[in-house]
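Order of listing sets the numbers, starting from 1, for every ligand and every atom in it.
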Amino acid sequence: MTDWGHRAVSLLEKLADCSESGPGVTRLPYTPEHRAALDVLRAAMEGAGLAVSLDAAGTLVGRREGPPGSKCLLVGSHQDSVRQGGAYDGIMGVVLPILALEKLQDEGANLPCTIEILAFADEEGVRFPTALTGSRAVAGTFDPSVLDMRDSQGGTLRDAMVSFGLDPDQIAELSRDQADVLGFLEAHIEQGPLLEEEDEAIGIVTAICGIERHQIVVTGETGHAGTLPMAGRRDALVGAAAIVSEVDRLGQTTTDLRATVGALSVEPNVVNAVPQMVKLSAEFRSPSDETRLNAGQAIHDFAQAMAAKRNLKIEATKTYSQMAQPCDINMSNRLTEAAQKVGASGLKLPSGATHDASAFADLCPIAMLFVRCRDGVSHKPEEYASPKDMDLAISALSQFLKSF
Ligand code: HGY
Ligand code: MN
Ligand code: MN
């Protein structure tokens with residue numbers, strides 16, 4: 001009797017080694033670490049009887065043909081991580097369905113439809129200021145202008161893809177025809193505390209929150225920290241600090257809003273000079289698009305009013321946004337039945353994190369399966385899902401795949 005949960009553990013351990021050095025997992029898209037992870041995933045996909053290919057956006061695709069003329073069920077998640085992140089976010093949603101297919105293969109089960117398992121190159125948007133690159137390409141909503149976006153070394157997304165051996169000009173060909181697709185399913189670690197609080201191993205996602213990200217540049221005037229009088233200073237970091245506090249205040253006082261300044265840089269960033277320029281991110285998430293949009297507008301207004309008072313210059317740009325996406329009722333009911341068949345209650349819960357699944361909502365029905373997350377922590381090395389919970393998730397996935 002195969003212990004599928006421990007099979008998942010050993011695969012995820014191998015994949016966690018495909019990382020830059022340092023705490024946790026750092027595996028950014030179109031890097032040697034990404035290449036190493038694709039080698040591990042390719043072998044696992046072939047072991048599950050899948051025909052494997054790499055698409056023009058760097059998505060590894062494992063395909064198993066169903067009966068002639070059958071439609072295709074898309075299943076997958078992202079291979080990339082945040083910096084010093086965990087070993088489960090994204091990649092577990094590729095490993096579990098591969099093992100679910102291997103389990104079905106071992107049982108000699110015939111697949112009722114064609115299935116593709118997808119390992120998207122870039123969901124997090126950590127290396128380049130965009131996200132959902134691979135899933136949007138498959139869903140047909142990829143915006144080619146993102147190819148000119150640059151990473152912190154100044155390289156463009158296009159160059160990174162070409163050096164990875166890809167042809168970005170072929171990305172437009174990746175979009176699937178709605179008539180051929182049954183739906184998109186994503187399994188993912190919950191990244192929150194609800195399943196643990198309810199003592200549930202797996203849960204069914206009701207909706208994925210919306211998200212928007214802004215880049216705000218505050219410009220003042222530098223000067224000698226010891227000789228420049230305090231009166232009349234145009235200190236960019238003091239201005240930025242007011243914005244950081246306002247982002248937090250918006251989050252603390254608005255229902256259903258998460259507000260975060262995650263990245264901030266200072267120039268000239270030396271102890272004895274007044275800060276000249278500060279670049280900071282402001283991110284808002286909410287299940288309500290209206291709440292999120294109002295918060296984005298509010299921080300722009302606040303920053304301009306603060307800058308006028310302090311004689312600073314503000315450049316505020318919305319760099320990214322995703323609408324909130326409900327999961328498809330019928331597909332989620334099918335997933336609930338599969339979960340209940342393996343003994344789970346089928347608890348329903350929302351997602352405060354965003355996922356590749358949100359990119360597919362325009363193409364086909366979407367559903368998500370969450371796996372319990374110890375202490376609810378994610379985007380850090382301590383992220384953990386147990387072999388027992390992953391074993392149950394693999395059983396639920398195999399029931400779901402058979403149900404079409
Ligand atoms: O940021 C998110 O919610 C996801 O992990 N990309
Ligand atoms: Mn993530
Ligand atoms: Mn993720």
Trainee: Which atoms of ligand 1 have any heavy atom of Glu124 under 4.0 Å away?
Mentor: 4 (C), 5 (O), 6 (N)
Trainee: Number the atoms of ligand 1 from 1 as they appear, then name those within less than 4.0 Å of a heavy atom of Ala353, with their elements.
Mentor: 3 (O)
Trainee: I need the contact type for Arg213 against ligand 1. Using non-hydrogen atoms and a strict under-4.0 Å cut-off, is it side chain, backbone, both or neither?
Mentor: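 Within the 4.0 Å criterion, Arg213 contacts ligand 1 through side-chain atoms alone.
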Trainee: The Mn ion (ligand 3) and Asp89: any N/O/S contact shorter than 2.8 Å?
Mentor: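 Short answer: yes, at least one N, O or S atom is under the cut-off.
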Trainee: For ligand 1, which atoms have a heavy atom of Arg285 less than 4.0 angstrom away?
Mentor: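 Ligand 1 atoms under the 4.0 Å threshold to Arg285: 1 (O), 2 (C), 3 (O).
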Trainee: Taking the six-membered ring for Trp and the single ring otherwise, decide whether the centroids of Phe184 and His355 are under 6.0 Å apart.
Mentor: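 For Phe184 and His355, the ring centres are not under 6.0 Å apart.
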Trainee: What orientation do His214 and His300 show, parallel under 30°, tilted 30 to 60°, or perpendicular over 60°?
Mentor: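 If you compare the ring of His214 with that of His300, the planes turn out perpendicular.
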Trainee: Could you tell me which atoms of ligand 1, counted from 1 in the order shown, lie closer than 4.0 angstrom to a heavy atom of Glu123?
Mentor: 4 (C), 6 (N)
Trainee: Any salt bridge linking Arg292 with Glu290? Criterion: basic side-chain nitrogen under 4.0 Å from a carboxylate oxygen.
Mentor: no
Trainee: Yes or no: does His355 have any heavy atom under 4.0 Å from an atom of ligand 1?
Mentor: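 His355 does not count as a contact of ligand 1 under the 4.0 Å cut-off.
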Trainee: Counting backbone and side-chain atoms alike, does His78 have an N/O/S atom under 2.8 Å from the Mn ion (ligand 3)?
Mentor: yes
Trainee: Checking one value in my table: which N/O/S atom of Glu124 lies closest to the Mn ion (ligand 2)?
Mentor: OE2
Trainee: Which residue from Ile208, Thr354, Thr260, Asp122 reaches closest to atom 4 (C) of ligand 1 through any of its heavy atoms?
Mentor: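 Heavy atom nearest to atom 4 (C) of ligand 1 belongs to Thr354.
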Trainee: Just by distance, do the side chain of Ser245 and the backbone of Ala241 share a donor-acceptor pair under 3.5 Å?
Mentor: yes
